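A quick note: this is a predicted structure, and the numbers were derived from the prediction, not measured. The sequence lines fix the lettering, A, B, ..., with proteins before strands; numbering per chain opens at 1.
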Amino acid sequence: MPEPIALIDCNNFYVSCERVFDQRLLGIPVVVLSNNDGCAIARSEEAKVLGIKMGEPVHLFRDKVERHGIKILSSNYTLYGDMSRRVVAALHAFSPSLEVYSIDETFVDMTGFGSRMVPHAAAMRDAVRTLTGIPTCVGIGPTKTMAKLANHAAKKNPVFGGVCDMMEKGVADFVMRRIEVGEVWGVGSRTEAKLASQGVRTVSDLRDMPMALARKVGTVVLERTVAELQGVRCLDIEDVEPQRKGMAVTRSPGVPITDLDTMCRAITAHATRAAEKLRNHDLVAGTLTVFYHTNPHRPDRPQRHASRSLALKPMSSNTFDLVEAALRGVRSSWRSDKPYGFTKAGVILDDLLKPDEAPRMLFEPLKPRKAQLMNALDQVNDRFGKKTLVLASEGFDRRWHMKADMRTPRYTTRISDLPVLRV
DNA sequence: TCTGGGGTCCTAGGACCC
DNA sequence: TCTGGGGTCCTAGGACCC
């Protein structure tokens, strides 16, 4: 049996972050909305009980909001990102090997804890709770897939008291027979439907299905999942961050974009942000794709999906290079044959490399981009706040900005937003 | 009427994740 | 009227090579 892996996962993370700073949110139904205040992406237990589904558009449950006094909040990613960092900082004391899997989940290598595993996991939960105020659950298993499943069980079944250890075969069997296959990490709705037609409904059905059939139904990915459910480790803890392959900045404007000028301002802002992200990761990009499209939920209106990919030569992370390419893409694809209203636009970067790995040009550009200028730009915006310095083509007209009418303060990252204590 | 075998590389699209 | 944003991996099929 492989050494144990734990997955620690924050309960209703975004809602929990909000509750740390506003006690009035405790005990009542709370929902955090996606960007642009579109749909529910985090729900308190009370909101789940009321039947609010993950990803449900807010206009479809507006009646429940009124009727049950649900508290609705815009998402505050600055706050959640900072709280996530604090949670991970608390976990470093518990294992030398961690993999931060997402904003609210971390895999922890539990090698060497033997019979003291469950107390160790409980201590981890206590530390996170004490240091950040965030409640968590822990799942333990011989593989990542089983740790994920154990975590699900720890969340759903109070019998586990917040820590479920599936290293014991009895526990694993108990859990797998009671959970539907769609809950397994890597089994989405498509695969679930295909499995159902083969009579595979519970996790134990999946664990016991023939490998060859698993491969036929869901390629090597599902085959690997079956092996992991049998306790055969296929996925290791990745404690060094792999180099990323792509990067995207996409947004839905608060009101549809109908004219080229506004689109150019929005795209300038997205390309600018993309360039900042590139420089933060110390990468350069070889390909830039710019796209924009109309609302696919409104087939009664003129529809258009536009997209242009451009090669960046030389590869670059320079704001001027990226904005120039992105605007070229917008202008060359723009059409005014119909009154389009674009509800999404973005910039995607691919072929990312470290600057010293990027191919050199045989003929260097006549006016080489200066790294110093970008450093200055980043430093000004770091010190005086985002968007202090922007390109002229972004302008100051913010009509295309996203909606976020119910966002809480950036309690932990803005001096002006610090909570005030009155005694 | 007859028309090989064995590769690589790239891209689009599907499926999944949080 | 209102439906998020940002990722990864795998496969099939076409283009191309000798």
Show me the donor-acceptor pairs within less than 3.5 Å that the side chains of residues 203-213 of chain A make with the rest of the protein, sequence neighbours left out.
from     : atom 1 : to       : atom 2 : distance (Å)
A:Ser204 : OG     : A:Thr202 : OG1    : 3.1
A:Asp205 : OD1    : A:Thr202 : OG1    : 3.4
A:Asp205 : OD2    : A:Arg201 : N      : 3.0
A:Asp205 : OD2    : A:Thr202 : N      : 3.1
A:Asp205 : OD2    : A:Thr202 : OG1    : 3.3
A:Arg207 : NH1    : A:Asp173 : OD1    : 2.8
A:Arg207 : NH2    : A:Asp173 : OD1    : 3.4

Check: So does A:Lys387 pair up with A:Glu394, basic N to acidic O under 4.0 Å?
Finding: yes
Note to self: Rounded to whole Å, please give me the gap between OH in A:Tyr77 and C1' in C:dG4.
What the structure shows: 7 Å
Nucleotides 7-11 of chain C: which of its N/O atoms have a protein N/O under 3.5 Å away?
from  : atom 1 : to       : atom 2 : distance (Å)
C:dG7 : OP1    : A:Arg244 : NH2    : 2.2
C:dG7 : OP1    : A:Lys277 : NZ     : 3.0
C:dG7 : OP2    : A:Ala248 : N      : 2.5
C:dG7 : O5'    : A:Arg244 : NH2    : 2.6
C:dT8 : OP1    : A:Lys245 : N      : 3.2
C:dC9 : OP2    : A:Lys245 : NZ     : 3.0

Notebook entry, point to check: Taking a pair as Watson-Crick (N1 to N3 plus N6-O4 or O6-N4) or G-U wobble (N1-O2 and O6-N3), both under 3.5 Å, which stems of 3 or more consecutive pairs involve DNA chain C?
Noted result: B:5-18 with C:5-18
Side-chain donor-acceptor distances from residues 136-145 of chain A under 3.5 Å, at least two apart:
from     : atom 1 : to       : atom 2 : distance (Å)
A:Thr143 : OG1    : A:Met146 : N      : 3.2
A:Thr143 : OG1    : A:Glu228 : O      : 2.9
A:Lys144 : NZ     : A:Glu99  : OE1    : 2.7
A:Lys144 : NZ     : A:Glu99  : OE2    : 3.4
A:Lys144 : NZ     : A:Asp236 : O      : 2.9
A:Thr145 : OG1    : A:Glu228 : OE1    : 2.6

List the atom pairs, with distances to 0.1 Å, where a side-chain N or O of residues 180-191 of chain A and a protein N or O form a donor-acceptor pair under 3.5 Å, not counting sequence neighbours.
from     : atom 1 : to       : atom 2 : distance (Å)
A:Trp185 : NE1    : A:Tyr101 : OH     : 3.1

Margin query: So A:Arg251, base contact, sugar-phosphate only, or nothing? Heavy-atom distance under 4.0 Å.
Written below: sugar-phosphate
Margin query: Over all strands shown, is A:Arg273 touching base, sugar-phosphate only, or nothing at heavy-atom distances under 4.0 angstrom?
Written below: nothing
Margin query: Students often mix this up, so state it plainly: with edges at 30° and 60°, are the rings of A:Phe160 and A:Phe174 parallel, tilted or perpendicular?
Written below: perpendicular
Next item on the list: List the protein contact pattern of nucleotides 13-18 of chain B with one symbol per nucleotide (5' to 3'): B for base contact, S for sugar-phosphate-only contact, - for none; contact means a heavy-atom distance under 4.0 Å.
Entry: --SSSS
Margin query: Applying a 4.0 Å non-hydrogen cut-off, can you work out what A:Lys403 is touching in the nucleic acid: base, sugar-phosphate, or nothing?
Written below: nothing
Margin query: Do the side chains of A:Lys245 and A:Asp350 get close enough for a salt bridge, i.e. N-O under 4.0 angstrom?
Written below: no
Note to self: Nearest whole Å is fine: how far is C:dG6 P from A:Tyr14 OH?
What the structure shows: 12 Å
